[in-house]
Amino acid sequence: MNLLNVLYYNYFLFYKKILKETEPHFATVVALSAGESFIINGILDLISLKCFCFLIPVWIQFGITILIIYCNYLLFHRNGKVKKIIISKPTIGNSKGLSIAITLIFFLATTSWLFWGPIYGKYLLSLCR
């Protein structure tokens with residue numbers, strides 16, 4: 001759970017200080033949830049295409065994303081965990097630089113799925129026919 005706290009804190013700082021969002025907590029929950037849903041939907045896509053030659057409908061993937069947003073809302077906001085995260089300023093290995101690097105890698109890796117995922121999925125689907 002510490003990794004999620006670090007990711008949340010760094011995303012929050014990005015939206016608050018760099019983009020100067022009016023609702024940085026909302027933007028943080030949505031962005032973090034999007035990254036998590038890219039991972040989950042990507043794994044489900046790969047498994048369904050590779051093992052069953054089945055393309056998961058978009059509405060199911062969107063539903064998973066909405067469910068993850070709701071779960072993150074419950075996890076971070078409903079129980080007041082956000083205030084604890086902002087006060088404690090969590091890091092990985094007591095290194096701010098390492099925490100930022102891992103957050104950046106997480107963002108780039110999950111966002112890259114939007115580009116290479118459909119190409120690889122189309123390839124896997126072509127092997128089924």
Side-chain angles (χ1 to χ4, degrees):
M1 210 48 136
N2 188 31
L3 180 61
L4 275 179
N5 294 349
V6 170
L7 291 174
Y8 186 93
Y9 181 68
N10 286 321
Y11 273 57
F12 174 76
L13 289 180
F14 176 76
Y15 284 111
K16 183 173 175 136
K17 293 185 178 182
I18 296 175
L19 292 183
K20 299 186 186 331
E21 284 282 328
T22 56
E23 291 291 333
H25 289 289
F26 175 74
T28 300
V29 167
V30 171
L32 186 59
S33 299
E36 293 169 351
S37 72
F38 293 155
I39 292 171
I40 292 171
N41 285 326
I43 291 170
L44 290 176
D45 259 348
L46 291 177
I47 292 171
S48 70
L49 286 171
K50 195 158 183 82
C51 299
F52 306 108
C53 292
F54 175 72
L55 188 61
I56 297 175
V58 174
W59 66 270
I60 292 176
Q61 294 177 345
F62 185 70
I64 291 170
T65 303
I66 296 299
L67 181 68
I68 291 172
I69 290 172
Y70 180 68
C71 289
N72 278 340
Y73 165 74
L74 292 178
L75 176 68
F76 290 112
H77 289 279
R78 190 74 184 250
N79 60 9
K81 189 174 182 179
V82 169
K83 293 177 184 175
K84 295 175 189 172
I85 291 173
I86 301 304
I87 290 170
S88 68
K89 301 177 182 178
T91 58
I92 296 174
N94 292 328
S95 172
K96 187 177 179 181
L98 179 62
S99 299
I100 292 171
I102 289 177
T103 302
L104 186 61
I105 289 169
F106 174 80
F107 172 75
L108 292 174
T110 57
T111 305
S112 73
W113 174 257
L114 294 172
F115 302 103
W116 67 267
I119 296 168
Y120 188 61
K122 189 174 181 180
Y123 167 73
L124 289 176
L125 198 57
S126 72
L127 294 177
C128 294
R129 297 171 192 202

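Remember, it's a predicted structure, so these values are computed and weren't measured experimentally.
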Take Tyr70 and Ile66 through the test side chain to side chain contact (heavy atoms under 4.5 Å, CB included) and record every step on the way to the result. CA-CA 6 Å; Tyr70 180 68; Ile66 296 299; 5.6 Å; no

Single-linkage hydrophobic cluster, 4.5 Å side-chain cutoff, [X] and [Y] together:
X	Y	answer
Trp113	Val30	no
Ile100	Tyr9	no
Leu67	Phe62	no
Leu75	Tyr15	yes
Leu32	Leu74	no

Given the rule in the side chain to side chain contact (heavy atoms under 4.5 Å, CB included) test, do Phe76 and Asn5 qualify, once you have shown the distances and angles that lead to the verdict? CA-CA 9 Å; Phe76 290 112; Asn5 294 349; 4.0 Å; yes

So how far is it from [X] [atom1] to [Y] [atom2], rounded to the nearest 0.5 Å?
X	Y	atom1	atom2	answer
Asn72	Ser33	CG	OG	3.5 Å
Gln61	Asn41	CD	CG	4.5 Å
Ile92	Asn10	CD1	CG	8.0 Å
Leu124	Leu49	CG	CG	5.5 Å
Ile68	Ile39	CD1	CD1	9.0 Å
Tyr120	Leu125	OH	CG	12.5 Å

Looking only at heavy atoms, which two atoms of [X] and [Y] are closest? And how far apart?
X	Y	value
Thr91	Asn2	O-ND2, 3.9 Å
Thr110	Phe38	O-CD1, 3.3 Å
Val29	Tyr73	CG1-N, 4.2 Å
Pro24	Thr28	O-OG1, 2.6 Å
Ser48	Ile56	OG-CG1, 3.5 Å

Worked verdict on Ile102 versus Val6 for side chain to side chain contact (heavy atoms under 4.5 Å, CB included): CA-CA 9 Å; Ile102 289 177; Val6 170; over 6 Å; no

Side-chain H-bond candidate by donor/acceptor type, Tyr8 with His25, under 3.5 Å: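 Side-chain D/A pair, Tyr8 to His25: present.
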
Heavy-atom side-chain contact between Leu44 and Ile60 under 4.5 Å: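 No, every pair of side-chain atoms sits at 4.5 Å or beyond.
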
Would you say that more than 12 heavy atoms from the other residues, nucleotides or ligands in this model lie under 6.0 Å from the CH2 of Trp59, or not?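 Result for CH2/Trp59: open.
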
Please check if the number of heavy atoms outside Asn94 that lie under 6.0 Å from its CG is greater than 12.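 No - once you tally the heavy atoms of other residues, nucleotides and ligands closer than 6.0 Å, there are 12 at most.
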
I'd like to know if the side chain of Lys17 reaches the main chain of Phe14, judged simply by a donor and an acceptor atom lying under 3.5 Å from each other, with no hydrogens or angles considered.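 Absent.
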
With side chain to side chain contact (heavy atoms under 4.5 Å, CB included) as the test, would you mind laying out the steps for Leu46 and Lys50 before giving the verdict? CA-CA 6 Å; Leu46 291 177; Lys50 195 158 183 82; 5.7 Å; no

